[in-house]
*Asks:* 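Structure incoming, see below.
Every value quoted in this text rests on a predicted model; they were computed, and no experiment measured them.
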Amino acid sequence: MRLLTKGLLIVAIPSLFEVLLLAALFKSQGDAAEAERWATHSAQVINQAAEVREPMLVESARIRNAILLDQFEPISRPEMWTDLEIKVGELSRLVVDNPSQSALVREIHTSIGQYRNWADNARALMQRGQRDELIRQLRDEQGPHRLSSFLNRLDSFTTEERHLSTLRNQAVQAARTSQTWLLIAAVLGSIVTAALASLAFTRSIGSRIAILIDNARRLADGQVLAARLEGDDEICQLDNALHRSSERLNEASRLALIYRSELEQRAAELAEVNTDLRQQTQDNEMFIYSVSHDLRSPLVNLQGFSKEITHATRDLLAEVERLAVPEADKARLRVLVQDDIDTSLRFIQNAVTRSAGIIDAMLRLSRMGRVELQPALLDVHAIGQRIVAAMSGSIRAKGAVVEIEPDLPAAWGDPTAIEQVFGNLLGNAVNYLDPARAGHITLGAVKGEQATAEAGMVTFFVRDNGLGIPAAYMGKMFIAFQRLHGNAAPGEGIGLALVKRVVERHGGRIWVESVPGQGSCFFVALPTQAAA
């Protein structure tokens, strides 16, 4: 049986009993409310009957006084009869559900009508001066001026309504007593049924849940689980899931041991490879350093000997001029010396200069890996101002404007190395401006949502409106000895490679965005605090 079905059965039986008790309680409450309503209704009817009695008594006294005082104005006032009609109508409405009382109200209304007719006649007699006749009528023990008929009928009506009120109050008391006993029974029944439901739950579900909790605790502690529960309800399914989880965890632990052993083996191999790589890097740097120095000596010799040959050709030309040979032969010798030998020597000297530049660049690249950085908190705004001041001559020559944004954020790095980074980027921006328009270069920092793209990093940028970089060349920007606009500025093409290596040694990164013919923007992301 499913757990939901068991729970529904455990809850449904006592709940049905409670519903029956509540239904009886609600019925008793409704009966009590109905009885109270009728008792209140009886009181209201009695009060309304009193309101009908009082005006009649007052009007009778007023008529007698008016006759004695010989004044006809207070007799039979229309407004009083109108108000009395309304009160009698309200009384009739209140007892419309009781035929006997309704009949009495009609008789009362008839008595009131008879008395009103007499009052109207009395007013007419007074107006005609027949006061003595009215006095004679008042002295008569019988007659319409007497209220006995009205009062007797009203007393009968009130007595009957009081009797109904007594019966209804007794019904109210009985309903309240029944309601009290039903409430007590509902409370006791709820307690008993709750106790029975709790006992049934504990015996059928609670003990199995306790086993399930114990298995979950065993699973968390890595212990062996108790035997599987029997059945097909949700508790059994959860217990089966715990056992399957335990089996999978055991299998995962076994595989983890295997993977850990393999990982340790791979880590040892990787450490060995890293050691070899560091050794190879050091060997490469030493090789570059050694080769650079070894190549510098032949280049110096080539440069020296080329200069010697240049001086010798000058002497040779002087000797040619002193030779006693025809002018045509001298011209031919001069052509050989000046055009062929001098041109060859210039090519040799240019090649030597180019080779020396490449060797110097290789030395700078090799030294960068050995330089020990001294990081500190940097004022990038001050660094930018120093660079712009040092480049003021070339900036004026280009007719450019260099803007440094205020309030640049601080970064963490080696002051000399970072100044070299921004100096190279600003120098490239000046060198590769478009001669066809006024140059504008900005050193700033990325703000807003883009600034939070990398946690613990601040991103600076150097933006220009220069020549721009074609998309096909973007992947070669940070590779050594790659130059795009070779005729725009001198150099060996290692500046951006050095910049990339410096930034990466600081734990940052550099990238570029560019549109050919519109300009470029180099981004440099640097850490905001020292590495842990």
*Asks:* Is there any salt bridge (Lys or Arg N to Asp or Glu O under 4.0 Å) pair reaching into residues 404-415, and which pairs are they, with sequence neighbours excluded?
*Replies:*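 Qualifying pairs: Glu405-Lys447.
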*Asks:* Please determine whether a side-chain nitrogen of the Lys or Arg among Glu262 and Arg266 lies less than 4.0 Å from a carboxylate oxygen of the Asp or Glu.
*Replies:*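 Arg266 and Glu262: not salt-bridged.
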*Asks:* Sequence neighbours excluded and cut-off under 3.5 Å, please list the side-chain donor-acceptor pairs for residues 374-383, or say none.
*Replies:*
from: Asp379; atom 1: OD1; to: His381; atom 2: N; distance (Å): 3.3
from: Asp379; atom 1: OD1; to: Ala382; atom 2: N; distance (Å): 3.3

*Asks:* Is it the case that the side chain of Ser261 and the backbone of Leu257 share a donor-acceptor pair, with hydrogens and angles ignored and the cut-off at 3.5 Å?
*Replies:*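 No: the side chain of Ser261 does not pair with the backbone of Leu257.
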*Asks:* Using modelled atom types and a 3.5 Å cut-off, is there a donor and acceptor pairing between side-chain atoms of Gln48 and backbone atoms of Lys87?
*Replies:*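 Side chain of Gln48 to backbone of Lys87, a donor-acceptor pair under 3.5 Å: yes, one is there.
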*Asks:* Could you check whether Arg162 pairs with Asp155 (Lys NZ or Arg NE/NH1/NH2 to Asp/Glu carboxylate O, under 4.0 Å)?
*Replies:*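 So Arg162 does not pair with Asp155 through a salt bridge.
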*Asks:* Is it true that a side-chain atom of Ser102 and a backbone atom of Asn98 form a donor plus acceptor pair closer than 3.5 Å?
*Replies:*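 A pair under 3.5 Å: yes.
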*Asks:* Test of understanding: with ring pair (Phe, Tyr, Trp, His ring centres under 6.0 Å), list the residues that count as partners of His41, not counting sequence neighbours.
*Replies:*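 Ring pair (Phe, Tyr, Trp, His ring centres under 6.0 Å) check on His41 returns Trp38.
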*Asks:* Can you find a side-chain donor-acceptor pair between Gln101 and Glu160 that sits under 3.5 Å?
*Replies:*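 No - no donor-acceptor pair under 3.5 Å links their side chains.
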*Asks:* Does CD in Glu54 sit with more than 12 non-hydrogen atoms of other residues, nucleotides or ligands closer than 6.0 Å?
*Replies:*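 Counting other residues, nucleotides and ligands, CD of Glu54 stays at 12 neighbours or fewer.
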*Asks:* Might you work through the side-chain contact (heavy atoms from CB on, under 4.5 Å) test for Arg463 and His440, ending with a clear yes or no?
*Replies:* CA-CA 8 Å; Arg463 183 187 297 115; His440 188 276; over 6 Å; no
*Asks:* Might you point out which heavy atoms bring Leu408 and Ala445 nearest each other, and give the distance in Å?
*Replies:*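 Taking Leu408 first and Ala445 second, the nearest heavy atoms are CD2-N, 3.7 Å.
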*Asks:* Less than 4.5 Å apart, side chain to side chain, heavy atoms only: is that true for Val45 and Phe157?
*Replies:*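 Yes, close enough: below the 4.5 Å cut-off.
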*Asks:* In Å, rounded to the nearest 0.5 Å, how long is the span from CD of Glu403 to CD1 of Ile441?
*Replies:*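 Answer for the CD-CD1 pair, Glu403 versus Ile441, is 11.5 Å.
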*Asks:* Quick one: SG on Cys521 to CH2 on Trp511, what's the gap to the nearest 0.5 Å?
*Replies:*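 CH2 of Trp511 is found 9.0 Å from SG of Cys521.
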*Asks:* Look at the side chain of Asp83 and the backbone N and O of Glu79, then say whether any donor-acceptor pair between them is shorter than 3.5 Å.
*Replies:*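 Pair absent, no side-chain N/O of Asp83 close to backbone of Glu79.
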*Asks:* Considering residues, nucleotides and ligands other than Arg260, do more than 12 of their heavy atoms fall under 6.0 Å from its CZ?
*Replies:*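 Check fails, neighbour count at 12 or below.
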*Asks:* Test Val421 against every option in Leu426, Val462, Val499, Leu496 by the side-chain contact (heavy atoms from CB on, under 4.5 Å) rule and name the one that passes.
*Replies:*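 Answer after filtering Leu426, Val462, Val499, Leu496: Val499.
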*Asks:* So, for Ala49 and Leu91, which heavy atoms are closest and what is the spacing to 0.1 Å?
*Replies:*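 The answer is N-CD1, 4.0 Å.
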*Asks:* Consider side-chain hydrogen bond (donor to acceptor under 3.5 Å, both in side chains). Of Arg116, Arg106, Arg153, which one does Ser111 pass it with?
*Replies:*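 Filter result, single survivor: Arg153.
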*Asks:* Thinking salt bridges, do Arg248 and Glu251 make one under a 4.0 Å N-O criterion?
*Replies:*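 Looking at Arg248 and Glu251, the cut-off is not met.
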*Asks:* Is it true that Glu247 and Arg244 have a side-chain N and a carboxylate O under 4.0 angstrom from each other?
*Replies:*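 Result for this pair is no, no salt bridge flagged.
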*Asks:* Hey, could you give me each pair passing salt bridge (Lys or Arg N to Asp or Glu O under 4.0 Å) that has a residue in residues 184-195? Not counting sequence neighbours.
*Replies:*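 Every pair satisfying salt bridge (Lys or Arg N to Asp or Glu O under 4.0 Å) with a residue in residues 184-195: there are none.
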*Asks:* Verify side-chain contact (heavy atoms from CB on, under 4.5 Å) between Val402 and Met391, making sure each step is shown before the conclusion.
*Replies:* CA-CA 10 Å; Val402 179; Met391 296 173 55; over 6 Å; no
*Asks:* Can you find a pair of side-chain heavy atoms, one from Met457 and one from Arg509, that are under 4.5 Å apart?
*Replies:*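 Sidechains of Arg509 and Met457: no contact.
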*Asks:* Looking at every non-hydrogen atom in both residues, tell me the closest pair between Asp464 and Ala429 and how far apart they are.
*Replies:*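 Looking at all heavy atoms of both residues, the closest pair is OD2-CB, 3.8 Å.
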*Asks:* Please say which of Ile510, Val446, Val512, Leu425 ends up in a side-chain contact (heavy atoms from CB on, under 4.5 Å) with Phe523.
*Replies:*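 Exactly one pass, corresponding to Val446.
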*Asks:* Measure across Arg218 and Ala226 and return the closest heavy-atom pair with its distance rounded to 0.1 Å.
*Replies:*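 Scanning both residues completely, I find the closest heavy atoms to be CD-N, 4.0 Å.
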*Asks:* Tell me whether Arg437 contacts the main-chain N or O of Gly466 through its side chain, where contact means a donor paired with an acceptor under 3.5 Å.
*Replies:*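 Confirmed, Arg437 side chain pairs with Gly466 backbone.
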*Asks:* What pairs with Phe422 under ring pair (Phe, Tyr, Trp, His ring centres under 6.0 Å), at least two apart in sequence or on another chain?
*Replies:*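 For Phe422 the ring pair (Phe, Tyr, Trp, His ring centres under 6.0 Å) partners, ignoring immediate neighbours, are Phe460.
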*Asks:* Once you round to the nearest 0.5 Å, how far does CD of Glu161 lie from CD1 of Ile46?
*Replies:*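 Atom-to-atom, Glu161:CD and Ile46:CD1 are 6.0 Å apart.
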*Asks:* Could you tell me whether the side chain of Ser156 and the main chain of Asn152 form a donor-acceptor pair under 3.5 Å?
*Replies:*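 Yes, the answer is positive, given that a donor and an acceptor are paired below the 3.5 Å cut-off.
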*Asks:* Tell me if a side-chain donor or acceptor on Asn121 pairs with a main-chain N or O of Asn117 at a distance below 3.5 Å.
*Replies:*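 Absent.
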*Asks:* With sequence neighbours excluded, tell me which residues meet side chain to side chain donor-acceptor pair (under 3.5 Å) with Asn424.
*Replies:*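 For Asn424, the residues satisfying side chain to side chain donor-acceptor pair (under 3.5 Å) (neighbours in sequence not counted) are Asn428.
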*Asks:* What are the two closest heavy atoms between Pro516 and Pro470, and how far apart are they?
*Replies:*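 Result for this residue pair: CG-CA, 3.7 Å.
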*Asks:* When you look at Leu151 and Arg53, which way does the side-chain contact (heavy atoms from CB on, under 4.5 Å) test go after all the steps?
*Replies:* CA-CA 8 Å; Leu151 294 176; Arg53 176 192 297 269; 3.5 Å; yes
*Asks:* Roughly how far apart are Asn240 CG and Ser245 OG, rounded to 0.5 Å?
*Replies:*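 If I round to the nearest 0.5 Å, the distance is 10.5 Å.
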*Asks:* Supply the atom-to-atom distance Leu443 CG to Gln385 CD, rounded to the nearest 0.5 angstrom.
*Replies:*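 So the CG of Leu443 and the CD of Gln385 are separated by 10.0 Å.
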*Asks:* Please name the pair of heavy atoms, one in Thr459 and one in Ala525, separated by the smallest distance, quoted to 0.1 Å.
*Replies:*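 The answer is OG1-CB, 3.9 Å.
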*Asks:* Looking only at atom types and distance, does a side-chain atom of Asp434 sit under 3.5 Å from a main-chain N or O of Gly519, one as donor and one as acceptor?
*Replies:*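 No, Asp434 side chain to Gly519 backbone: no donor-acceptor pair under 3.5 Å.
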*Asks:* Between the main-chain N or O of Val88 and the side-chain N or O of Ser92, is there a donor-acceptor pair closer than 3.5 Å?
*Replies:*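 Here the side-chain-to-backbone pair does not exist.
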*Asks:* Taking atom OG1 of Thr159 and atom CG of Leu164, what is their separation to the nearest 0.5 Å?
*Replies:*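 With rounding to 0.5 Å, OG1 (Thr159) is 11.0 Å from CG (Leu164).
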